[in-house]
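Protein chains get the first letters and strands the later ones, always in sequence-line order, with residue 1 at the start of each. Given the structure is predicted, the values throughout are model-derived calculations rather than measurements.
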Amino acid sequence: MGHHAADVAIRIEGLRVVRGGRRGVVVLPGLDLLVPAGQVVGLLGPSGSGKTTLMRAIVGVQSVQSGTVEVLGLPAGHPDLRRRVGYVTQAPSVYGDLTINENLRYFAAVAHAGPGDVDRALADVDLTRMAGRRVDRLSGGERSRVSLAVALLASPELLVLDEPTVGLDPVLRRDLWDLFGRLAARGTSLLVSSHVMDEATRCDRLVLLRDGEVIADATLPDLLAETSAPDVEHAFLELVDHRVRRPEEDR
Amino acid sequence: MSARLTWATAGRVLSQVRHDPRTIAILVLLPCLLLWLISWMFEGTPVLDQFGPLLLGLFPLVVMFIVTSVATLRERTTGTLERLMASPIGKGDVIAGYAVAFGLLAVVQAVVLTSFTVGVLGMSTRGSLGVIMLVAVLDAILGSTLGLAASALARTEFQAVQLMPVVLFPQLITCGLLIPRAAMPSVLEAISRVLPLTYGIDALQRLEVGATFTDVRGDVLVIVGFIALAVVVGSTTLRRRTP
């Protein structure tokens with residue numbers, strides 16, 4: 001393997017998840033994945049490919065059947081990790097009947113963050129001027145930025161973001177990807193899911209997921225070189241059509 | 001668990017209620033309205049004096065159970081519960097925070113309802129009004145903690161809704177409101193002994209015929225025990241991981 005624990009943010013071996021009870025659906029049949037630290041890693045795949053389930057397993061809120069998930073050197077869901085890992089669900093998970101400020105102040109108390117952190121998180125997502133507004137009166141994009149701000153409060157070492165740019169206009173999307181880049185430059189590890197393939201260009205590394213299996217795990221240039229595709233979308237199609245498997249050793 | 005996070009959660013829940021006039025109306029005005037309807041329907045009969053004290057305990061319990069269940073259900077559907085479960089907050093802080101917030105609301109509710117029923121509707125009772133109010137508050141807190149325990153036991157949103165009638169109706173049937181418990185088949189009477197509402201109704205029935213606090217001390221202790229048990233059940237069964 002040759003990886004020191006410090007270089008690896010997430011290490012997953014044989015992760016098997018069945019969702020929906022006894023006669024449930026096998027979402028992840030047995031997934032292996034290494035996510036390096038300090039990079040923006042894009043988790044790409046069509047809806048239903050298991051992105052959300054994988055992220056839930058990483059933050060420790062998903063019941064898993066078997067396999068190991070190690071996050072920052074600890075088993076996923078370990079109490080110490082709740083402070084070190086930030087998680088943003090696909091639907092904005094904030095209180096609609098509270099103002100932005102009230103939401104952030106409550107979650108800051110929960111995350112042991114201070115008032116300075118509230119101001120910083122608000123500035124990071126560009127919502128400082130709206131802080132007094134009630135969340136259920138905001139647009140969808142503003143609401144998802146509030147949700148993101150909550151995850152930034154405790155300055156987590158690992159950020160797990162489930163489709164954070166859905167429904168945002170191009171300017172905001174660019175601003176958020178700039179923010180992700182700045183966070184990574186400060187040493188934060190990011191795992192960002194998206195089904196918008198063109199966001200791949202903003203990632204340091206890409207993981208393509210289909211039917212619960214990793215069909216590619218590489219940098220964008222490597223992926224394009226290997227599949228001789230002009231963009232990620234075509235690379236994805238190429239991989240699905242030919243089931244190209246990458247050798248184990250080349251990362 | 002930490003007192004700081006329990007308080008933070010209670011404060012947050014109260015802010016949410018403050019922003020939502022409908023919940024305040026359901027908590028405070030609806031029970032008053034229901035008792036007014038009853039006093040109007042049975043005008044000129046002693047029904048209000050006879051059943052009023054029981055309803056002072058019953059309506060708040062049912063209303064609190066539903067409001068709390070819905071509040072925690074919403075916490076699930078909006079994903080905020082999942083976010084909290086991935087954060088450093090203790091499960092007990094979430095449950096106790098809700099219990100404290102709704103406990104404070106229960107006090108307001110019981111004081112308003114009792115004052116309205118006695119002052120405006122003219123209910124008269126032989127027992128001490130202060131003790132009746134105390135039992136009414138405890139019944140309301142019991143309702144909200146039972147709601148918390150039920151929604152914590154549920155693994156999904158749907159189960160949480162299904163549990164509402166399952167928890168409430170057997171208690172309403174066997175608590176002694178429909179017929180005296182002594183007249184029930186012995187199996188049903190035995191079942192009623194393990195259900196908390198029985199003790200709330202028993203206390204109020206005694207108070208209405210002139211019992212003092214000492215007479216209902218046992219009932220009060222049992223209700224407090226059930227409240228504590230419901231908080232413990234809620235805190236221990238809430239799941240950080242869900243299917």
Side-chain angles (χ1 to χ4, degrees), chain A residues 17-22 24-25 27 52-53 55-65 76-77 79-99 101-103 105-113 134-137 143 147 150-151 153-154 156 160 162, chain B residues 1-24 26 67 70-98 100-101 154-159 237-243:
Chain A
V17 176
V18 179
R19 289 193 80 169
R22 263 162 290 172
V25 184
V27 182
T52 299
T53 304
M55 293 185 141
R56 282 170 44 86
I58 290 167
V59 297
V61 295
Q62 174 68 52
S63 312
V64 307
Q65 206 168 57
D80 288 355
L81 289 176
R82 293 183 198 135
R83 209 161 299 200
R84 299 167 61 194
V85 178
Y87 173 42
V88 180
T89 52
Q90 204 168 336
S93 44
V94 281
Y95 299 102
D97 43 11
L98 295 180
T99 65
N101 233 330
E102 287 169 330
N103 266 289
R105 282 208 312 263
Y106 173 60
F107 284 112
V110 168
H112 305 274
R134 258 179 77 152
V135 169
D136 54 9
R137 312 245 161 93
R143 226 174 290 179
S147 196
V150 169
L153 284 169
V160 179
D162 199 354
Chain B
M1 267 189 79
S2 87
R4 196 180 59 85
L5 290 184
T6 301
W7 270 116
T9 303
R12 186 264 295 169
V13 172
L14 287 173
S15 305
Q16 286 180 285
V17 173
R18 205 186 52 214
H19 284 303
D20 181 14
R22 267 172 305 180
T23 299
I24 299 175
I26 287 174
V67 168
V70 169
T72 45
L73 182 66
R74 209 168 47 155
E75 185 108 43
R76 264 179 214 265
T77 47
T78 57
T80 45
L81 184 65
E82 177 163 306
R83 164 164 255 156
L84 288 175
M85 289 299 97
S87 81
I89 197 168
K91 292 186 288 179
D93 293 319
V94 177
I95 298 291
Y98 266 96
V100 168
R155 302 295 295 271
T156 63
E157 300 145 19
F158 189 49
Q159 283 177 12
T237 54
L238 195 63
R239 294 268 172 271
R240 283 204 192 261
R241 287 181 187 267
T242 50

Task: Shortest non-hydrogen contact from A:Tyr87 toward B:Ala86 - done: CD2-CB, 4.4 Å
Task: Choice from B:Leu5, B:Asp93, B:Thr242 maximising heavy atom contacts with chain A below 4.5 Å - done: B:Thr242
Task: Segment of A:Glu102 engaging chain B (4.5 angstrom heavy-atom cut-off) - done: side chain
Open item on the list: Measuring from atom CZ of A:Phe107 to atom OG1 of B:Thr80, what distance do you get when rounded to the nearest 0.5 angstrom?
Closed with: 6.0 Å
- [ ] Quick one: which of A:Ala151, A:Ala57, A:Ser147 has the most heavy-atom pairs under 4.5 Å with chain B, could you say?
- [x] A:Ser147
TODO: Could you pull out all residues at least two apart from A:Tyr95 that satisfy side-chain hydrogen bond (donor to acceptor under 3.5 Å, both in side chains)?
DONE: B:Arg12, B:Glu75
Task: chain B contact via A:Arg134 - side chain, backbone, both or neither, heavy atoms under 4.5 Å - done: side chain
Task: Partners meeting side chain to side chain contact (heavy atoms under 4.5 Å, CB included) with B:Thr72 (sequence neighbours left out) - done: B:Tyr98, B:Leu148, B:Ser151
TODO: Flag the pair B:Pro88 / A:His112 as yes when at least one side-chain heavy-atom distance between them is below 4.5 Å, and no otherwise.
DONE: yes
TODO: Looking only at non-hydrogen atoms, find the nearest pair between A:Arg82 and B:Ser87 and report the distance.
DONE: CD-O, 3.0 Å
Task: Part of B:Arg74 within contact of chain A (heavy atom distance under 4.5 Å) - done: side chain
Task: Under 4.5 Å from any heavy atom of chain A - which part of B:Ser2 - done: neither
TODO: Give, as side chain, backbone, both or neither, the part of B:Leu84 having an atom under 4.5 angstrom from any heavy atom of chain A.
DONE: side chain
Open item on the list: So which atom in A:Val94 and which in B:Arg83 form the shortest heavy-atom distance, rounded to 0.1 Å?
Closed with: CG1-NH1, 4.0 Å
TODO: Heavy atoms only: give me the nearest A:Ala109-B:Arg4 pair and the separation to one decimal.
DONE: O-NH2, 3.2 Å
Task: Part of A:Val88 within contact of chain B (heavy atom distance under 4.5 Å) - done: both
Open item on the list: So which residue, B:Met85, B:Arg239, B:His19, ends up with the most heavy-atom pairs under 4.5 Å with chain A?
Closed with: B:His19
